[in-house]
Amino acid sequence: PAQMPISDWSVWREFLARRGAEWRTYAYDVELHGGDTPVVTDDPGTQRAWARAIAKRADVVASRASGYTLIEVRRHARHATLGQAIVYQRLFPLDYPARALEGVLIVCETIDADVYAAARSAGIDVWTSTL
């Protein structure tokens, strides 16, 4: 994926090699708005550009028969990664109400111990290349 930093891409490649077959399709840099964006103009092109500019973006949305999984990829996962995962977990059902959200996953090489504990208590799965 073009938007993924090379350090995160190496972790993502390893994850795909080990667990990639668990999902059938992947979408990258998925816009999440939590509903309609504010109207700033009547021009459709400008309106779309505005919506894209202010959107939050999930790194990956993976799908399989049982539903969709939101995936945040970071080489070193810290509290900001967890915050993104929590926010995206809330926004996805607002933007895609007909699609079942199966789970949220942080894919990383390393993760802060406190962030790991908080993620697990929030129901967010964590995959690390070191475990």
Side-chain angles (χ1 to χ4, degrees):
Q3 89 294 352
M4 194 176 286
I6 193 71
S7 60
D8 296 347
W9 171 237
S10 63
V11 176
W12 180 241
R13 277 193 329 243
E14 185 173 348
F15 173 81
L16 287 175
R18 293 188 190 184
R19 293 193 50 196
E22 293 179 30
W23 292 269
R24 65 179 178 217
T25 63
Y26 295 90
Y28 296 95
D29 199 30
V30 176
E31 289 182 29
L32 298 169
H33 299 274
D36 295 331
T37 57
V39 176
V40 295
T41 179
D42 291 335
D43 176 58
T46 304
Q47 184 62 27
R48 180 68 189 130
W50 174 251
R52 287 190 55 74
I54 65 169
K56 291 156 182 75
R57 298 176 187 280
D59 287 336
V60 182
V61 177
S63 70
R64 56 183 165 199
S66 55
Y68 292 83
T69 301
L70 301 176
I71 304 173
E72 277 304 295
V73 182
R74 292 292 176 280
R75 182 171 181 202
H76 303 294
R78 307 229 190 287
H79 62 281
T81 310
L82 176 58
Q84 287 175 282
I86 290 169
V87 170
Y88 300 162
Q89 183 177 34
R90 178 189 154 320
L91 296 178
F92 186 84
L94 298 173
D95 288 337
Y96 303 98
R99 299 190 175 148
L101 181 58
E102 181 179 58
V104 179
L105 174 63
I106 294 172
V107 169
C108 56
E109 184 177 302
T110 63
I111 188 168
D112 177 87
D114 293 323
V115 172
Y116 178 82
R120 299 301 298 141
S121 70
I124 294 171
D125 292 327
V126 176
W127 180 91
T128 67
S129 59
T130 58
L131 290 180

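Tested against Ile71 for a side-chain contact (heavy atoms from CB on, under 4.5 Å), the candidates Val104, Val60, Val61, Ile106 yield a single pass: Val60. In summary, of the residues considered (Ile124, Leu101, Leu91), a side-chain contact (heavy atoms from CB on, under 4.5 Å) with Leu70 occurs for Leu101 alone.
Hydrophobic cluster membership is shared by Val30 and Tyr68, with clusters built from Ile, Leu, Val, Met, Phe, Trp and Tyr side chains linked at under 4.5 angstrom. A continuous path of Ile, Leu, Val, Met, Phe, Trp and Tyr side chains, each step under 4.5 Å between heavy atoms, connects Val115 with Val126, placing both in one hydrophobic cluster. Cluster membership for Leu105 and Trp9, using ILVMFWY side-chain heavy atoms within less than 4.5 angstrom, is shared.
Qualifying side chain to side chain contact (heavy atoms under 4.5 Å, CB included) partners for Pro97, counting only residues two or more places apart in sequence or in other chains: none. With sequence neighbours excluded, the residues forming a salt bridge (charged side-chain N to carboxylate O under 4.0 Å, His left out) with Arg120 are Asp125, listed by chain and number. Listed by chain and residue number, Glu22 satisfy the salt bridge (charged side-chain N to carboxylate O under 4.0 Å, His left out) test with Arg19 (two or more places apart in sequence, or in another chain).
Atoms CZ and OG1, on Arg75 and Thr110 in that order, are 8.0 Å from each other to the nearest 0.5 Å. If you take CZ on Arg13 and CG on Asp8, they are separated by 11.5 Å, rounding to the nearest 0.5 Å. Remark: Ser63 OG to Arg24 CZ distance equals 5.0 Å, nearest 0.5 Å. Ser129 contributes atom OG, which lies 4.5 Å from atom CD of Glu109 (distance to the nearest 0.5 angstrom). One finds the CD1 atom of Ile111 at 7.5 Å from the CG atom of Leu82 (value rounded to the nearest 0.5 Å). Atoms CG and NE2, from Asp114 and His79 in turn, are 11.5 Å apart once rounded to the nearest 0.5 Å.
Considering all non-hydrogen atoms of both residues, Ala100 and Ser66 come closest at CB-O, 4.4 Å. Closest approach of Tyr88 to Ala58, counting heavy atoms only: CE1-CA, 3.7 Å. Closest non-hydrogen pair, Phe92 versus Arg99, comes out as CE2-O, 4.0 Å.
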Derivation and outcome, side chain to side chain contact (heavy atoms under 4.5 Å, CB included), residues Leu16 and Tyr26
CA-CA 11 Å; Leu16 287 175; Tyr26 295 90; 3.8 Å; yes
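By the 4.5 Å heavy-atom criterion applied to side chains, Trp127 and Val11 are counted as neighbours.
A distance-only check finds no donor-acceptor pair linking the side chain of Asp29 to the backbone of Asp59 [under 3.5 Å].
At a cut-off of 3.5 Å, with distance as the only test, a side-chain donor of Trp12 or Tyr28 sits close to an acceptor on the other residue. Under the 3.5 Å distance criterion, with hydrogens and angles disregarded, no donor-acceptor pair is assigned to the side chains of Glu72 and Thr81.
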